[in-house]
Visitor: 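Sharing a structure, written as structure tokens. Questions coming.
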Amino acid sequence: MTVVADTVRDYSARELLIASIADLLDGVRHVAVGASSPIPAAGAMLLRARNESRGRERVRISILGSQEHNFFTNGGVELFDCAAQGRVDAFFLGGGQIDGEANINLVGTGPYPKTDVRWPGCFGSAFLYFVVPRVILFREEHSPRVFVDRVDYVSAPGTSEGVTRRGGPSALLTGLALFSFDPARKRFTLKSVHRGATAAEVRAQTGFDYDAPAEVPQTPAPDAATLELLRGRVTRELAETYPQFADTLRGERAAA
Amino acid sequence: MTVVADTVRDYSARELLIASIADLLDGVRHVAVGASSPIPAAGAMLLRARNESRGRERVRISILGSQEHNFFTNGGVELFDCAAQGRVDAFFLGGGQIDGEANINLVGTGPYPKTDVRWPGCFGSAFLYFVVPRVILFREEHSPRVFVDRVDYVSAPGTSEGVTRRGGPSALLTGLALFSFDPARKRFTLKSVHRGATAAEVRAQTGFDYDAPAEVPQTPAPDAATLELLRGRVTRELAETYPQFADTLRGERAAA
Amino acid sequence: MGDIVALDALAAEVKSGMKIAIPADYCGVAMAATAAILANRPRDLHVVCVPVTGMQGDMLIGAGLVGTIETSAVTLGEAGGAPRFIDGVRRGAFRLMDATCPAVHSGLIAAQKGVPFLPIRGIIGSDLLKTRTDWRIIDNPFAPDDPIVVVPAIQPDIALFHAPEADRFGNVRIGRRRELVTMAQAARATLVTVERIVETSLLHDENSAAGVLPALYVDKIAEGAGGGGGGGVGGGFWGERGAKTPHTRRPPPPPPWPIGLWGEYPADPAEIARYAAMARTPEGFAAYVDGFSRRLTEAA
Amino acid sequence: MGDIVALDALAAEVKSGMKIAIPADYCGVAMAATAAILANRPRDLHVVCVPVTGMQGDMLIGAGLVGTIETSAVTLGEAGGAPRFIDGVRRGAFRLMDATCPAVHSGLIAAQKGVPFLPIRGIIGSDLLKTRTDWRIIDNPFAPDDPIVVVPAIQPDIALFHAPEADRFGNVRIGRRRELVTMAQAARATLVTVERIVETSLLHDENSAAGVLPALYVDKIAEGAGGGGGGGVGGGFWGERGAKTPHTRRPPPPPPWPIGLWGEYPADPAEIARYAAMARTPEGFAAYVDGFSRRLTEAA
């Protein structure tokens with residue numbers, strides 16, 4: 001067994017998500033990340049480190065709410081203005097519910113306003129989903145209660161007709177699988193399942209219909225150079241803003 | 001002859017204008033003044049000093065374009081926002097032409113755009129005239145070429161109908177006289193003529209029609225306390241921002 | 001303008017039925033003033049969160065002071081959902097005006113500029129428009145077939161926040177938290193609690209002036225430099241800081257604890273988690289508020 | 001982003017047909033870049049003055065580079081009217097888009113926010129609306145019988161200004177001249193000349209960060225610390241300063257002389273008056289520009 005093969009086999013589930021996010025972000029110059037989103041932040045940091053090592057374009061990362069990793073100086077409105085100007089290439093959204101047309105629900109379940117379950121609220125989703133070209137939907141929990149046929153409340157619609165819109169969902173990454181999204185067809189396509197999961201399991205755990213190839217490939221393992229960057233420089237960078245998360249990553253690695 | 005009478009007689013034409021402006025500003029808490037408007041600035045400073053000596057309300061003065069007397073921190077837009085919020089009580093406007101309905105022209109004479117005479121432009125007049133409650137029209141030159149029946153170009157209208165407006169002209173002060181303005185009647189009324197001028201002279205030098213009492217009073221001379229403040233503290237304050245103008249004031253006083 | 005007053009005098013400005021704007025946790029939250037408001041019990045407040053809130057909004061709700069909440073989110077962050085908010089939503093205890101962050105900013109900017117509305121992209125297709133009937137869709141007057149949302153101006157009666165320092169002339173350091181400028185300019189009156197009052201004008205130096213809200217927009221300021229509440233409760237930071245810098249100048253301390261303050265000190269996550277746990281029930285909430293207020297009073 | 005380049009490389013970004021935004025004299029005017037642009041002779045520029053201009057705009061007009069000027073005023077201040085502007089108006093030498101200050105700000109803010117327009121109070125009844133057919137009156141969607149002006153977004157291709165300093169990461173100090181932030185965010189590309197480049201990040205310190213335009217919005221920066229042009233011409237300040245702080249780091253000096261720079265040095269009114277006198281004729285203007293450019297080249 002070669003060293004490379006060893007390295008490639010020994011990755012944690014979270015490392016795969018981080019590496020997948022770095023791949024999904026390929027080509028962006030400025031990515032904004034929520035303050036409490038360590039995995040997306042790690043993916044963005046990994047892309048930045050990898051681009052530097054490959055001599056490719058510089059990647060700027062804005063971590064919202066962070067004092068250190070926030071170069072904005074015009075107040076809370078600046079993220080939204082910046083995105084509206086076309087200066088934010090990628091952003092992450094989640095959702096208590098996400099449906100097959102990529103509508104997301106950050107508000108709650110059951111009839112509004114007296115929802116049975118109430119989540120924090122829409123935040124900036126109803127705006128950013130329209131103006132950021134590459135929105136990556138990210139939700140680790142992959143279950144029929146998250147991925148529903150139709151969200152109870154549309155915080156932000158996945159697609160629009162007859163409305164000025166230059167942004168929207170490009171992919172959905174979960175703890176089990178990776179999907180692409182086609183806004184013209186308003187439909188997800190299963191691209192790959194992560195190590196340990198099966199296409200059948202993904203189908204069973206997804207409450208909406210989607211397309212899938214006859215043979216669903218496995219999500220590519222991070223290559224050795226990528227893992228090296230992630231375990232070295234990126235983990236050190238992460239530790240500055242997400243110390244607990246960096247410890248978790250190190251722990252999982254040791255156990256892997 | 002008493003000292004008081006002496007003082008009251010010995011004032012320069014400019015001192016009268018400054019004292020008249022202080023009177024016109026009575027009651028304001030925040031007055032904005034253009035950077036190249038030393039007489040209005042002097043009037044505002046005189047009111048501020050007089051209010052302090054009388055224990056009355058504090059007067060804030062914003063001198064636009066000045067670095068020292070400008071407490072704005074939100075850029076050039078702040079004056080306009082501040083006025084729109086109702087936080088600027090008084091402002092001064094002039095005009096290459098001013099007509100009997102208090103329309104002002106800051107653009108030029110003759111057919112637009114290839115005007116025969118071209119002045120700098122409208123600046124903020126088309127906005128501030130609508131939102132500042134007490135706009136004082138101030139123009140030293142009192143001649144038929146300035147005070148016309150109808151301006152060639154309306155930079156900002158004196159009155160409006162069917163339009164949201166809470167500001168507008170309250171008075172017109174010139175080198176010869178003081179007028180009040182009634183927006184309902186769209187008409188000026190001559191209130192007083194300055195020392196040395198006559199009502200007939202004002203009529204002859206004014207290109208628009210206006211109302212006047214049978215007996216036109218003389219513009220009240222500044223009282224002794226006012227002149228003392230003006231010649232002392234206010235001149236010293238003026239010298240910080242308008243050194244040349246302060247020298248001129250001192251020179252005229254010596255010659256008076 | 002910019003009068004320096006006691007915390008109670010500041011809090012007394014918040015009266016029943018008022019529309020009050022409060023910032024997000026990263027902008028400086030006036031928690032001591034919140035405790036004082038809780039004691040005053042004004043009713044039927046319309047709380048505008050700029051653009052979200054956490055423990056402060058949840059406490060106002062829990063105390064029954066909120067008639068309307070207008071917000072893009074309510075969350076305690078790592079401590080989870082806001083218990084009194086969630087419970088109130090279920091019970092329909094207040095009018096709920098869900099929003100989206102940039103729309104809150106635009107509404108305040110409209111008030112700042114004295115215009116009745118501002119246009120904003122996006123939103124169309126969101127269920128927000130079904131309940132935010134105060135938001136409209138109009139045709140873009142400059143392009144055919146281009147519907148666009150317009151949101152009305154938000155003019156709060158009061159803007160309330162906490163900042164590191166004010167000068168004795170009433171100018172307040174807001175750094176790069178420029179939404180505080182928008183809030184203050186949009187509001188009829190602005191109330192600020194600060195860590196300290198400085199003697200030198202913050203506008204004196206051109207570089208320092210860039211991060212200052214001028215006194216013209218500030219109505220009342222209450223000072224308190226540390227010393228509040230945290231000693232022995234939730235551990236650490238605040239209590240230590242209070243002990244190291246005893247307050248000598250003015251008695252009532254308005255700390256933002258347990259919320260952090262930019263450039264000064266971090267939040268106290270253990271205390272926020274303790275709040276989250278206790279506030280799960282009305283009784284627990286009442287007990288928390290009682291202790292919270294008492295700690296502030298004792299510190300004063 | 002925020003690349004530090006030579007003045008010529010910066011000026012070369014201004015190309016024929018572009019819409020270029022320039023600030024008022026109190027905000028920092030890139031005069032050396034203007035001289036370099038005059039040498040490059042791009043044609044048919046659409047100059048947006050934020051919200052007014054002086055000698056800079058008059059020089060661009062005098063050199064025949066301006067196809068459209070959009071401004072609330074053109075004036076040399078105490079030195080009187082702007083001679084090349086006034087002459088050009090009479091001759092119809094360019095398209096004239098008279099404006100009013102807050103409408104220019106609103107147009108730029110619309111572009112900053114990615115909306116097609118912004119509403120603005122006032123203006124109705126002004127003759128501005130007769131010729132600014134790009135401004136419209138719509139009905140306030142939130143109140144009956146309330147017409148209101150809407151102005152379209154202004155998106156410049158280039159924003160160009162002069163500032164005291166940038167750091168080597170491309171962040172620029174703009175102090176409280178916040179219209180520079182709006183200009184830069186509204187524009188596709190921003191060009192900045194500075195007095196000096198500093199090694200420490202301007203975003204490093206929280207207080208200093210408040211007055212900084214982040215590098216994200218800055219495309220090219222050219223440095224020159226004093227030393228420009230003024231020695232022996234119009235007397236005094238700039239020349240003396242140049243002599244006292246010899247420039248060692250990078251050759252081409254981009255001084256804003258004879259316009260002043262906030263927080264750094266005042267304008268040179270004698271030199272502006274000299275310009276005003278010479279620019280009364282096309283020949284005099286040409287001679288002035290020749291000397292102006294030569295002084296800058298010699299200083300370099």
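Order of the sequence lines sets the chain letters (A, B, ...), proteins ahead of strands, with each chain counted from 1.
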Visitor: Please report the shortest heavy-atom distance between C122(A) and L106(A), naming the atom on each side.
Guide: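 Distance-wise, the nearest heavy atoms are O-CD1, 3.5 Å.
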Visitor: Is it the side chain or the backbone of V52(C) that comes within 4.5 Å of chain A heavy atoms, both, or neither?
Guide: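 Side chain of V52(C) only, per the 4.5 Å heavy-atom cut-off to chain A.
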Visitor: Write down the atom of G124(A), the atom of C101(C), and the distance for their closest heavy-atom approach.
Guide: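 Looks like N-SG, 3.5 Å.
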Visitor: Any idea which heavy atoms bring A79(C) and I272(C) closest together, and the distance?
Guide: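 Looks like CB-CG2, 3.9 Å.
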Visitor: Measure the CD1-CG distance between I61(C) and L45(C) for me, rounded to the nearest 0.5 Å.
Guide: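 The CD1 atom of I61(C) sits 11.0 Å away from the CG atom of L45(C).
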Visitor: For F91(A) and L64(A), which heavy atoms make the closest approach, and how far apart are they?
Guide: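 Looking at all heavy atoms of both residues, the closest pair is CE1-CD1, 3.9 Å.
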Visitor: Any idea which heavy atoms bring I174(C) and V181(C) closest together, and the distance?
Guide: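 It is CD1-CG2, 3.7 Å.
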Visitor: Looking at every non-hydrogen atom in both residues, tell me the closest pair between V74(C) and G54(C) and how far apart they are.
Guide: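 Shortest heavy-atom separation between V74(C) and G54(C) comes out as CG1-O, 4.3 Å.
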Visitor: Looking at P102(C), G125(C), G88(C), which has the largest count of heavy-atom pairs under 4.5 Å with chain A?
Guide: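 Of the candidates given, the most pairs with chain A belong to P102(C).
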Visitor: Output the donor-acceptor atom pairs between chain C and chain A under 3.5 Å, with atom names and distances to 0.1 Å.
Guide:
from: S72(C); atom 1: O; to: C122(A); atom 2: N; distance (Å): 3.1
from: S72(C); atom 1: O; to: F123(A); atom 2: N; distance (Å): 2.8
from: V74(C); atom 1: N; to: P120(A); atom 2: O; distance (Å): 3.1
from: R90(C); atom 1: NE; to: D116(A); atom 2: O; distance (Å): 3.0
from: D98(C); atom 1: OD1; to: R118(A); atom 2: NH2; distance (Å): 2.7
from: D98(C); atom 1: OD2; to: Y112(A); atom 2: OH; distance (Å): 2.5
from: D98(C); atom 1: OD2; to: R118(A); atom 2: NH1; distance (Å): 2.8
from: T100(C); atom 1: OG1; to: F123(A); atom 2: O; distance (Å): 2.6
from: C101(C); atom 1: N; to: F123(A); atom 2: O; distance (Å): 3.1
from: R121(C); atom 1: NH1; to: T164(A); atom 2: OG1; distance (Å): 3.4
from: I123(C); atom 1: N; to: A126(A); atom 2: O; distance (Å): 2.9
from: S126(C); atom 1: OG; to: V154(A); atom 2: O; distance (Å): 3.3
from: S126(C); atom 1: OG; to: S155(A); atom 2: O; distance (Å): 2.8
from: D127(C); atom 1: N; to: V154(A); atom 2: O; distance (Å): 2.7
from: D127(C); atom 1: OD2; to: V154(A); atom 2: N; distance (Å): 2.8
from: L128(C); atom 1: N; to: Y153(A); atom 2: OH; distance (Å): 3.3
from: D146(C); atom 1: OD1; to: T164(A); atom 2: OG1; distance (Å): 2.6
from: R176(C); atom 1: O; to: G75(A); atom 2: N; distance (Å): 3.3
from: R176(C); atom 1: NH1; to: N70(A); atom 2: O; distance (Å): 2.8
from: R176(C); atom 1: NH1; to: F72(A); atom 2: O; distance (Å): 2.8
from: R176(C); atom 1: NH2; to: Q67(A); atom 2: O; distance (Å): 3.3
from: E179(C); atom 1: OE1; to: G76(A); atom 2: N; distance (Å): 3.0
from: E179(C); atom 1: OE2; to: G76(A); atom 2: N; distance (Å): 3.0
from: G263(C); atom 1: N; to: Q67(A); atom 2: OE1; distance (Å): 3.3

Visitor: Please classify the contact of A24(C) with chain A as side chain, backbone, both or neither, using a heavy-atom distance under 4.5 Å.
Guide: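 For A24(C), there is no contact with chain A at all, as no heavy atom is under 4.5 Å.
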